[in-house]
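Keep in mind that this is a model prediction, so the values were computed, not measured.
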Amino acid sequence: QVQLVESGGGLVQAGGSLRLSCAASGRTFSSYAMGWFRQAPGKEREFVAAISWSGGNTYYADSVKGRFTISRDNAKSTVYLQMNSLKPEDTAVYYCARRPHSNIATTIYEYNSWGQGTQVTVSS
């Protein structure tokens with residue numbers, strides 16, 4: 001079973017930037033698509049971004065398109081989420097997840113391994 005560990009969250013002012021990292025255990029990281037999701041208090045977990053096994057395909061939620069960038073380093077078994085121009089509505093716990101397929105997907109049901117989450121708080 002793969003283990004995913006997120007890091008990089010914190011408190012930032014509106015307009016600022018953060019880079020989240022998700023380190024994965026296991027030797028098959030490069031075979032699978034990865035995704036980032038977030039969950040704000042009182043709300044359902046929602047899709048943020050996804051990346052295919054090779055990094056050649058990416059997909060973003062409309063709410064973050066143009067501000068967030070997902071990337072991966074298969075040699076380091078790590079996926080990243082660069083978040084720029086942050087807004088208070090980006091405040092949430094951010095989770096990385098692994099999909100047991102090489103192509104990307106946008107629903108939580110298509111991912112079977114999850115990290116513990118990292119808190120991102122954007123102040124106005």
Side-chain angles (χ1 to χ4, degrees):
Q1 183 73 10
V2 66
Q3 285 190 320
L4 305 173
V5 180
E6 302 97 334
S7 61
L11 173 64
V12 64
Q13 288 187 333
S17 298
L18 283 174
R19 189 175 84 152
L20 306 183
S21 299
C22 173
S25 65
R27 296 179 292 177
T28 58
F29 175 81
S30 61
S31 300
Y32 301 114
M34 298 292 294
W36 285 97
F37 292 76
R38 66 186 181 186
Q39 188 166 17
K43 295 187 176 181
E44 294 185 351
R45 193 169 298 188
E46 65 176 5
F47 170 78
V48 175
I51 189 166
S52 63
W53 70 276
S54 66
N57 290 316
T58 58
Y59 191 78
Y60 298 92
D62 288 343
S63 58
V64 307
K65 200 172 296 182
R67 299 187 299 122
F68 291 11
T69 302
I70 188 171
S71 62
R72 66 190 295 161
D73 184 338
N74 286 342
K76 296 182 178 180
S77 297
T78 301
V79 62
Y80 304 97
L81 186 67
Q82 178 67 44
M83 305 186 296
N84 298 329
S85 302
L86 282 161
K87 305 175 181 180
E89 51 263 44
D90 294 318
T91 295
V93 177
Y94 283 71
Y95 299 88
C96 73
R98 190 193 79 168
R99 169 167 158 76
H101 295 284
S102 59
N103 56 312
I104 60 178
T106 62
T107 69
I108 61 173
Y109 310 104
E110 296 175 283
Y111 291 80
N112 66 348
S113 298
W114 294 83
Q116 83 289 349
T118 185
Q119 177 71 47
V120 171
T121 303
V122 184
S123 63
S124 57

Enquirer: Test: ring pair (Phe, Tyr, Trp, His ring centres under 6.0 Å). Region: residues 81-107. Which pairs qualify, not counting sequence neighbours?
Expert: none
Enquirer: Scan for side-chain hydrogen bond (donor to acceptor under 3.5 Å, both in side chains) pairs involving residues 75-87, sequence neighbours excluded, and state none if there are none.
Expert: Ser17-Asn84, Gln82-Asn84
Enquirer: If you look at every heavy atom in Ala14 and Pro88, which pair is closest and at what distance?
Expert: CB-CD, 4.1 Å
Enquirer: Test side chain to side chain contact (heavy atoms under 4.5 Å, CB included) on Leu81 and Met34 and set out the steps.
Expert: CA-CA 11 Å; Leu81 186 67; Met34 298 292 294; over 6 Å; no
Enquirer: Treat each ILVMFWY residue as a node, draw an edge where side-chain heavy atoms are under 4.5 Å apart, and state whether Phe47 and Ile108 are in one component.
Expert: yes
Enquirer: Side-chain atoms of residues 54-61: list all donor-acceptor pairs with protein atoms under 3.5 Å, sequence neighbours left out, distances to 0.1 Å.
Expert:
residue	atom	partner	partner atom	Å
Ser54	OG	Gly56	N	3.1
Tyr60	OH	Ile70	N	2.9

Enquirer: Grouping I, L, V, M, F, W and Y whenever their side-chain heavy atoms are under 4.5 Å apart, do Ile104 and Phe68 come out in a common cluster?
Expert: no
Enquirer: Can you list everything that forms a ring-ring contact (aromatic ring centres under 6.0 Å, His included) with Tyr111? Sequence neighbours excluded, please.
Expert: Phe37
Enquirer: Where do Arg98 and Thr28 come nearest, in terms of heavy atoms and distance?
Expert: NH1-OG1, 3.8 Å
Enquirer: Identify each donor-acceptor pair in which a side-chain atom of residues 117-124 lies under 3.5 Å from a protein atom, sequence neighbours left out, and give them as a table.
Expert:
residue	atom	partner	partner atom	Å
Thr118	OG1	Gly9	N	3.2
Gln119	NE2	Ala92	O	3.4
Gln119	NE2	Thr121	OG1	3.3

Enquirer: I'd like to know if Val64 and Met83 are part of one continuous hydrophobic network [Ile/Leu/Val/Met/Phe/Trp/Tyr, side-chain heavy atoms within less than 4.5 Å].
Expert: yes
Enquirer: Listing request: all salt bridge (charged side-chain N to carboxylate O under 4.0 Å, His left out) pairs with a residue in residues 100-124, at least two apart in sequence or in separate chains.
Expert: Arg99-Glu110
Enquirer: Apply side chain to side chain donor-acceptor pair (under 3.5 Å) to Lys43 and list each qualifying residue two or more places apart in sequence or on a separate chain.
Expert: none
Enquirer: Using the ring-ring contact (aromatic ring centres under 6.0 Å, His included) criterion, which residues pair with Trp53? Sequence neighbours excluded.
Expert: none
Enquirer: Quick one: pull up OG1 in Thr91 and CZ in Arg38 and give me the separation to the nearest 0.5 Å.
Expert: 9.0 Å
Enquirer: Among pairs that include at least one residue of residues 28-61, which meet disulfide (SG to SG under 2.5 Å), considering only residues two or more places apart or in two chains?
Expert: none
Enquirer: For Gln39, enumerate each residue passing the side chain to side chain donor-acceptor pair (under 3.5 Å) test, keeping only those at least two apart in sequence or located in another chain.
Expert: Arg45
Enquirer: Can you give me every donor-acceptor pair (side chain of residues 18-26, partner residue at least two apart or in another chain, under 3.5 Å) with its distance?
Expert:
residue	atom	partner	partner atom	Å
Ser25	OG	Gln3	N	2.8

Enquirer: Taking only residues two or more places apart in sequence or in another chain, which ones pass salt bridge (charged side-chain N to carboxylate O under 4.0 Å, His left out) with Glu6?
Expert: none
